[in-house]
**Student:** 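Below is a structure I'd like to ask you about.
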Amino acid sequence: MEPIVKTEDLWKIYRSGKVDVAALRGVQCEVLPGEFIAVMGPSGCGKSTLLHVIGGLAQATRGRVLLDGNDLTRMSDAARTMLRRHKVGFVFQRFNLLPALDARGNIAIAQHIHGDGFDPHRFDTVTRLLGISDRLHHRPAELSGGEQQRVAIARAIINEPKILLADEPTGNLDTKSSESVLRMLRKLNQDLGQTVILITHNPEAASYAHRVLHMRDGQIVDGIPVD
Amino acid sequence: MIGHLVWKNALHRPLRTALGVLAVGVEVSLVLLIVGLTHGMLHDVAKRIEGVGADIMVQPPSASVFLAFSGAPMPEALGSRLAELAHVKAVAPVLLQLSSSGGLDIVYGIDPASFRAVSDGFFFLQGHGLEKPDDVLVDDWYARAKHLKAGDTLHLLGHNFHVAGVVGHGKGARVFVELHTLQQITGSPGKASLFFVKCDQRSSTNDVIGEIATLLPRYQIRPLQNYLSLMTQTTVPGLNTFVYSMIALAGAIGFLVIFLSMYTTIVERTRDIGVLKSLGASKGYIVKALLGETTLVCLGGIVVGIGMSYGGQFLLRDLFPTLTILITPGWILRAAALAIGAGLCGTSYPAWVASRKDPVEALAYS
C-alpha cells in the first residue's frame, strides 16, 4: 500500500534574528491510508512544525514531503493552498472557529472554499456523527470548548480530506470533553477510514492511536505500535 | 457564502461598521452639499435674471456675467440712446449694489416704470410698488428669511427702508429700491450698472444685439434666453478649483477612514485569516472578502450620505430660505462612485497585506 504521507530527510530551519534554528532535522516517516498516528514529544521538539509542513502550511527547507503522491517541497504557495483545500483537514488546540459565523457557517465556509458548493447530505451526516446538529445556530462564543472542537472537526472533515491533522486538539479541554473529542477522532478513523495524525503531550490521548511516533530535537526517535 | 461572511463580519463589530458607514456618509454629503450649493446658487441667480423677462442685458466692457462683481460705470442717459434703436420696446437701467447686512444680497436700484415695461411688472403678494424714496420691495423668499412683511422697516445699506411690498421671487434680485435712492446712497448719481432691453418681438433680439454692438462697441451684450448656460462653475474664477478641492478632501476622508478601519480589521482578524488559509482559501478569496466588506460599508455610507444631504438641504432651507441647494442624480452617482472608489483604494493595501500573511504566524497570533 502506498503511504498517504511520506517524508524523506525533512528539514525545516527557521531564521531567528541572525541565528538559524532547525525545527526539523532530517525527519523520516510514513503514514499509511487509514492509519491513526499520534506524535508525542516535549515542547519545542518540532511536532507542530512537522504537522505544518505535512499540511502545506509551511514550506520545508530541505528534503521531501509527499502527500498523496504530491511533492509539497516542489510546489508553489498557490499550489500548496489548492492541495490544502482538497486533501487536508486541520484541527487546532484553540479551535480557531470564525467568531462572526455560527457553527453552521463555520462548517459551510469550508465547503464553499473547497469549491463544490454546499452539500446538505454530507453536512447532515457529519454534524449528526459529531453530535452538533442541535447547536448549529450558535456562535463559537455560545458553545462549550468540547462543542467548539467538534464543530472544528466537522469543518475539517466536511470535504472528505485525505488526511486529518490535529494539533493538540484536547489541549484546551477538560477530561470529559477530551475523551469525547478523542472518541470522535477514533470513530472517524474506524467508521470512515479517515487517516489521522494527532499531535499530543498526553499519553492517554496517544493511546487512541494505532501507532505513536516520538520526537526529540526535531527528529523521530522511535515509532511504537499501540497495543 | 462569501456574501454571508462579509455580512456577518460587518455585524460582528457593529460600532466600527457604523463609524465606517458614517464617515462615508459624511464624504458623500460633503460632495453633494458643496456641489449642490454652488450649482444651486448659480442656477438660482441665472433663473432670476432670466425671470426678469427682458430679452437683452447690456453691461460695460469687461463686466462679469456675475452681476455682484459689477460696478456702476455707465451713464444712465445711455438708456435713451438704446431706446431709440429699431425694434426696442423698452429699456430699464439698473444700478447694482451688494448688501452684506445679514447675508450677501444684490440690491437692484430700479426705475419702477421702465422696469415694469421690460419685465411685465411684479406679482405682489403684499403691499404695493415703490412710491417713496425710502420704499423697498422684497421677494417672498427674502421676506421669509428676514421675517418681513409689508409695512415693516428694513435696515439696508446703512439706511432704514420701509417695506412697501412683498413680491413673488424670480425678477432678478430679492431686494429692490428706487434707482435714484440707490444712486445717492452709493455716490453714483446718473449711473447704471446694466440695462435690460425688451424687444418688440423675440425674433428681433439678434438684430437689436447687432445694432447695440455697433452703437456700443466692446460692451457686453447678452441675450437672456440662454443666460442659464452662461452661469457655470467655469465662469467663476477659482470656483472649479474650490469645488474640486472639496471633492478631493471628501475623497481623502473616505480613503483614510476606510484604510485605517480595514487595517485595524486585518490586525484583529489575523488568526481568522490564518484559519481561512488553513482551509485552503486563496489570496484572491481573502482580498475579495475584505473588498466585499468595504463595498458593503460604502453602500451603507452612500445611503446615509444621501439622507444626510437631503436632511442638510432641508435644514439649510429652513435656516436660510434664500439658499438654493441643487442635488442632482448625476452628482449623486458621482459622489457614490467617489465613495466606492476611495473605499476600495483604502482597502487595497490592507487586503494585499492580509492575503500575504504567513498562515503559521497568523494562526499563532493572539
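Below, read A as the first sequence line, B as the second, and so on, with proteins coming before strands; counting in each chain starts at 1.
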**Student:** Taking side chain to side chain donor-acceptor pair (under 3.5 Å) as the cut-off, I'd like each qualifying pair that reaches into residues 123-134 of chain A, sequence neighbours left out, listed once.
**Tutor:** none
**Student:** Calculate, to the nearest 0.5 Å, the distance between atoms OH and CZ belonging to B:Y285 and A:R85 respectively.
**Tutor:** 10.0 Å
**Student:** So for B:K283, is it side chain, backbone, both, or neither that comes closer than 4.5 Å to the heavy atoms of chain A?
**Tutor:** side chain
**Student:** Which residues, numbered in order, of residues 102-109 of chain A come under 4.5 angstrom of chain B by heavy-atom distance?
**Tutor:** A:G105, A:A108, A:I109
**Student:** Who pairs with A:L173 by side-chain contact (heavy atoms from CB on, under 4.5 Å), at least two apart in sequence or on another chain?
**Tutor:** A:F95, A:Q149, A:S177, A:S178, A:V181
**Student:** How many angstroms lie between atom OG of B:S278 and atom CD1 of A:I113, to the nearest 0.5 angstrom?
**Tutor:** 8.0 Å
**Student:** Taking it one step at a time, do A:M82 and B:S282 satisfy side chain to side chain contact (heavy atoms under 4.5 Å, CB included)?
**Tutor:** CA-CA 8 Å; A:M82 183 86 86; B:S282 64; over 6 Å; no
**Student:** Given heavy-atom pairs under 4.5 angstrom as the criterion, report whether the side chain, backbone, both or neither of A:N159 touches chain B.
**Tutor:** neither
**Student:** For A:R74, look at atom CZ and say whether over 12 heavy atoms of other residues, nucleotides or ligands are found less than 6.0 Å away.
**Tutor:** no
**Student:** State whether the side chain of A:R94 and the backbone N or O of B:L363 hold a donor-acceptor pair below 3.5 Å, judged by distance alone.
**Tutor:** yes
**Student:** Any idea which of A:L97, A:L101, A:V88, A:T49 has the most non-hydrogen atom pairs under 4.5 angstrom with chain B?
**Tutor:** A:L101
**Student:** At a 4.5 Å cut-off on heavy atoms, which part of A:P161 comes close to chain B: side chain, backbone, both, or neither?
**Tutor:** neither
**Student:** Kindly check if the number of other-residue, nucleotide or ligand heavy atoms within 6.0 Å of OH (A:Y14) is above 12?
**Tutor:** yes
**Student:** Considering only distance and modelled atom types, tabulate donor-acceptor pairs under 3.5 Å from the side chains of residues 291-311 of chain B, sequence neighbours left out.
**Tutor:**
from, atom 1, to, atom 2, distance (Å)
B:E293, OE1, B:R269, NH1, 2.9
B:E293, OE2, B:R269, NH2, 2.9
B:T294, OG1, B:L290, O, 3.2
B:T294, OG1, B:T347, OG1, 2.5
B:T295, OG1, B:L291, O, 2.8
B:S309, OG, B:G305, O, 2.7

**Student:** Run the numbers on A:L98 and B:L5 for side chain to side chain contact (heavy atoms under 4.5 Å, CB included), then give the verdict.
**Tutor:** CA-CA 9 Å; A:L98 300 175; B:L5 177 67; 4.2 Å; yes
**Student:** Between CZ of A:F92 and CZ of B:R271, what distance do you get to the nearest 0.5 Å?
**Tutor:** 10.0 Å
**Student:** Enter the distance from A:R155:CZ to B:L279:CG here, rounded to the nearest 0.5 Å.
**Tutor:** 5.0 Å
**Student:** Taking side chain to side chain contact (heavy atoms under 4.5 Å, CB included) as the criterion, tell me which of A:T81, A:D77, A:L57 meets it with B:P359.
**Tutor:** A:L57
**Student:** Quick check for you: to the nearest 0.5 Å, what is the distance between A:R80 atom CZ and B:K277 atom NZ?
**Tutor:** 10.0 Å
**Student:** Is it the case that over 12 heavy atoms from other parts of the model lie below 6.0 angstrom from the CG atom of B:D358?
**Tutor:** yes
